[in-house]
Amino acid sequence: MTGYSSKTDVATANGKQNGSGNQTGENGTKPTEFTPQGNHASSENNIQCSLTSDEFRAVNLMRQDMYPYEVIQEIADFIVKGSGIRPKIGIICGSGLGSLADIIQNPKVFDYEKIPNFPVSTVEGHAGRLVVGTLEGANVMAMQGRFHFYEGYPLAKCSMPVRVMKLCGVEYLFATNAAGGINPKYAVGDIMLMHDHVNMLGFAGNSPLQGPNDPRFGPRFPALVNSYNKDLINKAIEISKTMGIESSVHVGVYSCLGGPTYETIAELKALRMMGVDAVGMSTVHEVITARHCDMKVFAFSLITNKCATEYSDKKDDEASHDEVMAVAKNRQKTCCELVSRLVAEIQKTA
Ligand SMILES: O=P(O)(O)O[C@@H]1C[C@H](O)[C@@H](CO)O1
Ligand SMILES: Nc1nc2[nH]cnc2c(=O)[nH]1
């Protein structure tokens with residue numbers, strides 16, 4: 001694991017304050033040094049590496065998997081001061097659902113590259129911007145672009161922005177995603193309100209909460225049985241009725257796999273046997289992180305493709321990111337309306 005244990009490590013990992021690599025860490029050890037040729041060498045065991053110093057820093061930055069409370073606080077302060085807004089609701093836009101952030105009024109936009117210590121988005125359909133403003137009179141912040149495990153980011157890094165949201169003042173997390181429909185009753189374009197999940201990455205021993213626990217965020221052993229807020233699910237169902245889309249809205253179980261491959265038929269059969277209705281590559285670690293710090297969670301999947309669960313299913317049932325993006329684009333108006341109306345409900349009762 002490439003976590004860091006001191007502030008010196010934070011600086012090193014980000015190549016910011018420690019660019020020369022010449023500082024001594026809190027534990028007295030010298031961090032990796034960068035030679036003038038661009039190669040780096042450990043002063044203690046003289047390990048040589050063919051990466052240039054910039055490449056080494058980039059890899060380090062990507063693998064950085066622990067963010068101390070103080071670093072998260074600095075990022076949150078940067079956003080709150082820069083926007084002049086303390087958001088109450090945080091929205092994570094799924095693949096192709098970036099328009100959820102476009103409906104925010106009086107937006108203050110932060111490119112991820114310009115936010116200190118923030119990762120960058122590498123996936124098509126994830127713009128890589130944080131948008132802060134108002135929606136239906138509520139202060140909100142939206143991630144137009146999330147981070148996935150398959151991009152090479154550790155889970156703690158994928159969901160680090162959720163902790164930033166928390167320290168910005170966010171009480172409600174709205175997490176959205178594009179997902180494959182496994183439940184045979186689901187059609188492409190349907191919306192599944194998440195009421196539970198199966199954490200496949202957790203089964204494999206991976207968690208965003210792995211490593212030392214900071215009790216300022218939450219407890220060592222958080223319970224997850226009530227992760228998806230029932231009031232918000234019920235409100236969303238009511239809203240779907242007023243929108244006339246209730247027949248295409250379901251309540252179901254989501255599972256996140258590591259990706260970037262879509263699933264084999266045997267895997268999809270196994271997931272179905274486990275009670276999974278929709279499968280994707282995100283959200284679960286964000287929800288775990290949000291529940292750990294006691295945020296209320298609402299999450300939904302837009303079903304962008306139907307998963308083949310029988311070998312006799314047609315060959316053109318193969319998933320593709322182009323299809324995912326196209327379906328999300330088609331359904332973005334409906335998703336935006338659902339989100340706005342739910343935000344309005346929360347704001348009404350505030
Ligand atoms: O960010 P989400 O979970 O919405 O994106 C899904 C999972 C992969 O990133 C991508 C595959 O098409 O869509
Ligand atoms: N894992 C996974 N992620 C998706 N995202 C959109 N569709 C799918 C899918 O079929 N499988």
Side-chain angles (χ1 to χ4, degrees), residues 90-101 112 119-129 142-153 155 157-159 161-162 173-184 186-194 197-201 203-204 208 252-272 274 276-289 299-309 313-314 316-332 335-336 339:
I91 300 166
I92 303 179
C93 305
S95 277
L97 291 173
S99 55
L100 294 172
Y112 289 167
V120 290
S121 287
T122 67
V123 185
E124 196 203 331
H126 291 263
R129 302 167 355 137
M143 288 178 68
Q144 215 169 27
R146 63 148 55 88
F147 308 109
H148 306 84
F149 193 60
Y150 64 76
E151 290 175 78
Y153 296 125
L155 287 182
K157 185 163 196 158
C158 293
S159 55
V162 173
L173 176 70
F174 283 27
T176 69
N177 60 64
I182 306 181
N183 186 320
Y186 292 4
V188 169
D190 284 1
I191 288 172
M192 183 191 81
L193 309 177
M194 286 169 63
H197 67 234
V198 175
N199 181 8
M200 292 305 287
L201 295 176
F203 281 19
V253 176
Y254 173 89
S255 185
C256 164
L257 271 63
T261 52
Y262 296 105
E263 295 67 36
T264 66
I265 291 181
E267 286 163 353
L268 291 162
K269 275 175 183 284
L271 288 169
R272 187 67 197 132
M274 291 165 78
V276 173
D277 297 295
V279 60
M281 305 177 198
S282 66
T283 309
V284 168
H285 37 278
E286 297 157 353
V287 170
I288 291 171
T289 305
F300 72 80
S301 301
L302 174 66
I303 306 301
T304 50
N305 53 290
K306 241 178 126 54
C307 294
T309 49
D313 283 349
K314 285 196 289 118
D316 61 7
D317 277 346
E318 275 191 353
S320 81
H321 194 55
D322 285 347
E323 181 193 10
V324 168
M325 298 286 292
V327 172
K329 197 166 169 225
N330 265 336
R331 299 295 286 162
Q332 59 188 2
C335 294
C336 285
V339 166

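Note that ligands are numbered from 1 as they come in the structure, with each ligand's atoms numbered from 1 the same way.
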With heavy-atom distances below 4.0 Å as the criterion, list the atoms of ligand 2 near [X].
X	value
Met281	1 (N), 2 (C), 3 (N)
Cys307	10 (O)
Val324	6 (C), 7 (N)
Asn305	6 (C), 7 (N), 8 (C), 9 (C), 10 (O)

Would you mind checking which non-hydrogen protein atom is closest to [atom], with the distance to 0.1 Å?
atom	value
atom 2 (P) of ligand 1	Arg146 NH1, 3.4 Å
atom 11 (N) of ligand 2	Glu263 OE1, 2.8 Å
atom 1 (O) of ligand 1	His148 NE2, 2.7 Å
atom 9 (O) of ligand 1	Tyr150 OH, 2.6 Å
atom 7 (C) of ligand 1	Met281 CB, 3.7 Å

Find the distance between [atom1] ([X]) and [atom2] ([Y]) and round it off to the nearest 0.5 Å.
X	Y	atom1	atom2	value
Ile92	Glu286	CD1	CD	3.5 Å
Gln144	Ile91	CD	CD1	10.5 Å
Phe300	Cys335	CZ	SG	4.0 Å
His148	Thr283	NE2	OG1	7.5 Å

Answer whether the closest heavy-atom distance between the side chains of [X] and [Y] falls below 4.5 Å.
X	Y	answer
Met200	Val279	no
Asn177	Tyr254	yes
Thr122	Tyr150	no
Leu302	Met192	no
Ile182	Thr309	yes

[X], any N or O under 3.5 Å of ligand 1 N or O:
X	result
Ala178	yes
Thr176	no
Asn177	no
Tyr254	no

Mind telling me whether Tyr112 and Phe147 have parallel, tilted or perpendicular rings, with 30° and 60° as the class edges?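 If you compare the ring of Phe147 with that of Tyr112, the planes turn out tilted.
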
Between the candidates Ser282, Cys93, Ala328, which shows the shortest non-hydrogen contact distance to atom 3 (O) of ligand 1?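 Comparing heavy atoms across Ser282, Cys93, Ala328, the nearest one to atom 3 (O) of ligand 1 lies in Ser282.
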
Heavy-atom distance to atom 13 (O) of ligand 1: which of Ser95, Ala179, Gly180, Ala319 wins? Ser95

Check this for me - ligand 2, Thr261, N or O atoms closer than 3.5 angstrom, yes or no? no

Where's the contact between Val279 and ligand 2, heavy-atom distance under 4.0 Å: side chain, backbone, both or neither?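 It is both parts that get close, each with some atom under 4.0 Å.
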
Specify side chain, backbone, both or neither for Ser95, according to which of its non-hydrogen atoms lie closer than 4.0 Å to ligand 2. neither

Is the backbone of Val287 close enough, under 3.5 Å, to the side chain of His197 for a donor and an acceptor to pair up by distance? no

For the pair Lys306 (side chain) and Pro184 (backbone), establish whether a donor and an acceptor sit closer than 3.5 Å, ignoring hydrogens and angles.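 Yes; judged by distance alone, with no hydrogens or angles, the pair exists.
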
Touching ligand 2 at all, Leu257? Heavy atoms, strictly under 4.0 Å? no

If the contact criterion is a heavy-atom separation under 4.0 Å, does Gly259 count as touching ligand 2?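 Flag not set, Gly259 not near ligand 2.
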
Among side-chain atoms of Ser282 and Arg146, is any donor-acceptor pair under 3.5 angstrom? yes

Give the contacting part of Met325 toward ligand 1: side chain, backbone, both or neither, where contact means a heavy-atom distance below 4.0 Å.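 It is neither part, as no heavy atom is under 4.0 Å.
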
